[in-house]
Amino acid sequence: MAISISASKLFKLRLHSPIILRHLSTESNPPPSPSPSPPPPPPHQDQDSLVTRALQLLQAPDYDSNSNTTTPLQELLFSSSSPSSPFIFRNITRRLSSSSEALKFFHYLQSNSPSQDILPSLSSTFQAIFELASREPDSHNKLLELYGTAKEHNVPLTINAATLLIRCLGRAGMVDQVLVVVKEVDPSLKNTHFCNVVIDVLFRLGRVDDALKVLDEMLQPDSECPPNDSTGDIIFGAMLRREWRGRSINDEEIVGLVSKFGEHDVFPDTFKLTQLITKFCRNRKTGRAWDLLHDVMKSGGVVEAASCNALLTGLGKGGDIERMNKLTTEMKEMNIQPNVVTFGILINLMCKSRRVDEALEVFEKMKEGSDGVLVEPDAIMYNTLIDGLCKVGRQEEGLSLVEQMRSQNGCAPNIVTYNCLIDGFCKSGEIERAQELFDQINRESVFPNVITLNTLIDGMCRHGRINSAVEFLNDMQSKGVKGNAVTYAILIKAFCNVNNIDKAMEFFDQLSNSGCSPDAIVYYTLISGLSQAGRMDDASSVVSKLKEVGFCLDTVCYNVLIGGFCKKNKLDKAYETLKEMEEAGVKPDSVTYNTLISYLSKTGNFTTAHRVMRKMIKEGLTPTVVTYGALIHAYCLIGKIDEGMKIFRDMGSASKVPPNTVIYNILIDSLCKNDDVEHALSLMDDMKVKGVKPNITTYNAIFKGLRDKNLLEKAFELMDRMIEQACNPDYITMEVLTEWLSAVGETGKLKKFVQGYEVSASSA
DNA sequence: TTAGGGTTAG
């Protein structure tokens with residue numbers, strides 16, 4: 001008792017010392033807490049029996065009596081013959097039934113210890129009390145109270161006890177208390193595990209900046225608590241978290257942190273690195289993704305193909321071929337083996353840019369391993385190539401790849417394969433073959449999906465078989481393949497194209513009632529169809545519906561409406577729409593202005609047209625070839641060809657907008673109609689000089705001009721040129737030439753022309 | 001890896 005007083009005196013003396021106020025621990029290298037960890041190897045074999053014996057004595061009636069004589073328990077715990085270890089008391093405490101029992105034992109030790117040396121043991125005893133309390137109900141409040149008791153008795157917390165406390169408080173959401181404990185822990189005790197727990201807890205509580213401050217200290221070059229893989233897991237995991245409390249870690253911070261971690265040889269694993277790169281790429285930040293990957297490479301982290309693939313995908317989407325090449329070279333240099341995905345990305349890119357032959361070349365080399373890497377293609381790769389072939393009209397080659405697929409194990413053609421082929425046949429107008437494939441699917445127990453449905457419906461609609469398309473839709477729906485927004489967009493567009501607006505509206509309503517809501521494209525398609533048809537009231541009511549469901553009009557949609565109002569001679573409504581557009585923050589583009597300029601000039605309002613053009617320039621837009629075309633066309637229409645020619649000369653020289661075929665066509669047509677075919681012919685020469693290719697409209701206009709003046713020889717010359725240029729005649733060409741050449745007895749020339757066309761068509 | 005996107009001058 002006397003000694004215990006002196007011990008407490010000692011504590012009191014130290015109470016004023018700032019050092020002891022920090023909860024110093026004497027336990028130098030503690031095992032991780034709170035899981036019950038095996039005690040350090042006992043100095044004496046009888047340590048276990050001592051613990052057992054002590055626990056028995058703690059049940060005895062004289063345990064908490066204030067006896068003046070030395071009790072057996074005191075003898076056991078404090079005598080010099082007892083095995084001494086700071087962990088003995090802790091091990092006894094751990095085996096007590098509750099934290100309150102343990103606290104009682106703590107008080108007993110404090111009161112009965114004959115020596116001051118008990119201090120280190122009391123810290124680890126307290127840790128054991130924390131461990132018990134942490135497993136009891138209401139643990140956070142109990143621990144907080146115990147923390148107060150420890151401070152009161154000047155028992156410094158072990159770092160493990162502090163860790164346990166913080167974790168428990170964090171779980172209970174007690175962010176302020178967490179920060180207090182962190183502040184009060186002796187910095188010299190902090191270890192990496194402690195810091196990891198603090199950071200993890202702070203992140204979960206949304207205190208990102210506090211967490212990053214702790215992390216920043218860990219990342220210093222001379223840090224006492226350098227980051228380890230667990231630190232990396234916590235931070236890299238947090239970077240990828242979608243749901244955030246507090247603020248999120250921004251991209252710049254992510255790159256900086258990964259780089260700093262690299263200095264400590266800690267790297268995100270392949271999965272996390274890949275995810276981070278993907279995240280950057282999705283936000284179109286390929287530059288950051290590039291830096292991230294290269295930081296890891298430079299610091300010596302492991303980089304696998306998956307991470308490179310993520311970056312290659314991002315670079316491909318951004319069209320950064322140069323960096324793609326650089327990265328694939330680096331992969332080779334660093335011995336990072338490309339896989340089927342790597343090749344898939346490259347082949348897909350080539351196919352999408354219509355370089356199918358190059359894609360096939362890479363594919364062959366990959367299969368043979370002739371470039372040192374042998375990779376077996378998968379179904380996705382075959383599908384990519386088949387789609388690429390079909391998109392350039394090479395369906396037959398696509399079909400032969402399907403045969404290759406069949407001969408390779410585990411690579412059977414699937415619904416995607418067939419959808420690509422069906423689309424190919426549909427786009428080339430071979431609807432029957434598309435339907436045959438569709439039937440084949442059903443025989444092969446590959447199940448058609450909504451994409452199959454839409455592809456076929458689109459093909460039928462584009463080739464004038466709307467009724468078959470609707471029939472097919474009904475048939476499929478009865479078999480369980482339901483249409484979606486895409487289906488309806490296709491049908492709405494198709495019915496608008498044939499000017500069956502009522503049917504288009506009907507399908508729109510059907511979609512709205514089918515439980516599958518129309519998306520923005522469906523609205524845009526219908527608004528466009530209605531505007532083209534001049535049904536501006538209907539268009540406006542669809543616009544209202546679109547706004548009601550929360551979609552916005554974009555530039556193109558506003559342009560469609562402005563064009564529609566112009567067509568209906570509702571200039572005021574067009575201007576109103578323009579104003580609304582500007583107020584909604586949707587910037588008018590050159591099409592917006594061109595639409596207005598075209599309407600104004602066609603209605604003879606040239607002054608206003610030029611004023612709008614000046615406004616266009618003031619808004620930072622450059623007049624385009626269409627702007628000039630609109631003005632030229634309008635001047636030509638009222639017979640002011642000179643004015644048109646003036647603009648034509650001006651656009652090429654002063655404005656540096658090179659005229660295109662359409663501009664020449666307008667002028668050539670007008671000159672011919674104005675009896676000036678010579679001038680029109682000189683413009684055709686000019687086209688040749690400028691490298692602007694005439695098309696069938698050009699030829700039709702000039703043929704009419706030549707016919708009116710009966711300039712046969714010139715016509716023959718141009719007919720030859722048409723064949724040379726593989727420019728196909730259309731029904732207008734045939735009508736003009738047949739009538740004219742028959743009348744002048746030159747049917748032989750006509751026959752030769754048609755044959756030449758057939759030859760040029762077959763060679764093309 | 002597969003399907004629908006609307007606008008301005010001829």
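Just so you know, these numbers use all the heavy atoms, side chains as well, and skip hydrogens, waters and symmetry mates. Below, chains carry the letters A, B, ... as their sequence lines are ordered, and counting in each starts from 1.
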Inset, instruction - Decide whether A:D730 and A:T733 meet the rule of one side-chain donor and one side-chain acceptor closer than 3.5 Å. - result: yes
Inset, instruction - Would you indicate what A:D669 reaches in the nucleic acid, counting non-hydrogen atoms under 4.0 angstrom: base, sugar-phosphate, or nothing? - result: nothing
Legend entry - Pairing residues for A:R443 by the salt bridge (Lys or Arg N to Asp or Glu O under 4.0 Å) criterion, not counting sequence neighbours: none
Inset, instruction - Under 4.0 Å between any heavy atoms, over every strand shown, what does A:D554 touch: base, sugar-phosphate, or nothing? Just pick one. - result: base
Inset, instruction - Just call it for A:I521: base, sugar-phosphate, or nothing, with non-hydrogen atoms closer than 4.0 Å on any strand. - result: base
Inset, instruction - Identify, residue by residue, the members of residues 600-626 of chain A with a heavy atom below 4.0 Å from DNA chain B, and return them in order of residue number, or none. - result: A:K602, A:V625, A:V626
Legend entry - Close residues, residues 426-453 of chain A, relative to DNA chain B [heavy-atom separation under 4.0 Å]: A:K427, A:I451
Inset, instruction - Could you check whether A:A485 gets within reach of a base, just the sugar-phosphate, or nothing at all, counting any heavy atom under 4.0 Å? - result: base
Inset, instruction - Answer with yes or no whether the side chains of A:T342 and A:N339 bring together a donor and an acceptor at under 3.5 Å. - result: yes
Legend entry - Listed partners of A:Y558 passing ring pair (Phe, Tyr, Trp, His ring centres under 6.0 Å), at least two apart: none
Inset, instruction - Would you mind classifying the nucleic acid contact of A:D378 as base, sugar-phosphate or nothing, using non-hydrogen atoms under 4.0 angstrom? - result: nothing
Legend entry - A:F565: ring pair (Phe, Tyr, Trp, His ring centres under 6.0 Å) partners, not counting sequence neighbours: none
Inset, instruction - Quick one: list whatever passes side chain to side chain contact (heavy atoms under 4.5 Å, CB included) with A:D676, sequence neighbours left out. - result: A:L671, A:E678, A:H679
Legend entry - Donor + acceptor pair across side chains of A:K367, A:Q404 (<3.5 Å): yes
Inset, instruction - Identify whether any heavy atom of A:N414 sits under 4.0 Å from a base atom; if not, whether one sits that close to sugar-phosphate; answer base, sugar-phosphate or nothing. - result: nothing
Inset, instruction - Mind listing the residues from residues 684-703 of chain A sitting with a heavy atom below 4.0 Å of DNA chain B? Number order is fine. - result: A:N695, A:T697
Inset, instruction - Could you list by number each residue of residues 490-507 of chain A showing a heavy-atom separation from DNA chain B of less than 4.0 Å, or answer none if no residue does? - result: A:I490, A:K493
Legend entry - Pairs satisfying ring-ring contact (aromatic ring centres under 6.0 Å, His included), at least one member in residues 385-412 of chain A, at least two apart: none
Inset, instruction - Answer yes if the side chains of A:N419 and A:N383 hold a donor-acceptor pair under 3.5 Å, and no otherwise. - result: no
Legend entry - Ring geometry between A:H610 and A:Y635 (parallel below 30°, tilted from 30 to 60°, perpendicular above 60°): tilted
Legend entry - Where chain A begins and ends its contact with DNA chain B, read 5' to 3' at 4.0 Å from heavy atoms: B:dT1 to B:dG10
Legend entry - Selection: residues 415-425 of chain A, any non-hydrogen atom under 4.0 Å of DNA chain B: A:V416, A:N419, A:C420
Inset, instruction - Scan for ring-ring contact (aromatic ring centres under 6.0 Å, His included) pairs involving residues 397-445 of chain A, sequence neighbours excluded, and state none if there are none. - result: A:F438-A:F472
Legend entry - Gap separating the SG atom of A:C552 from the NZ atom of A:K547, nearest 0.5 angstrom: 9.0 Å
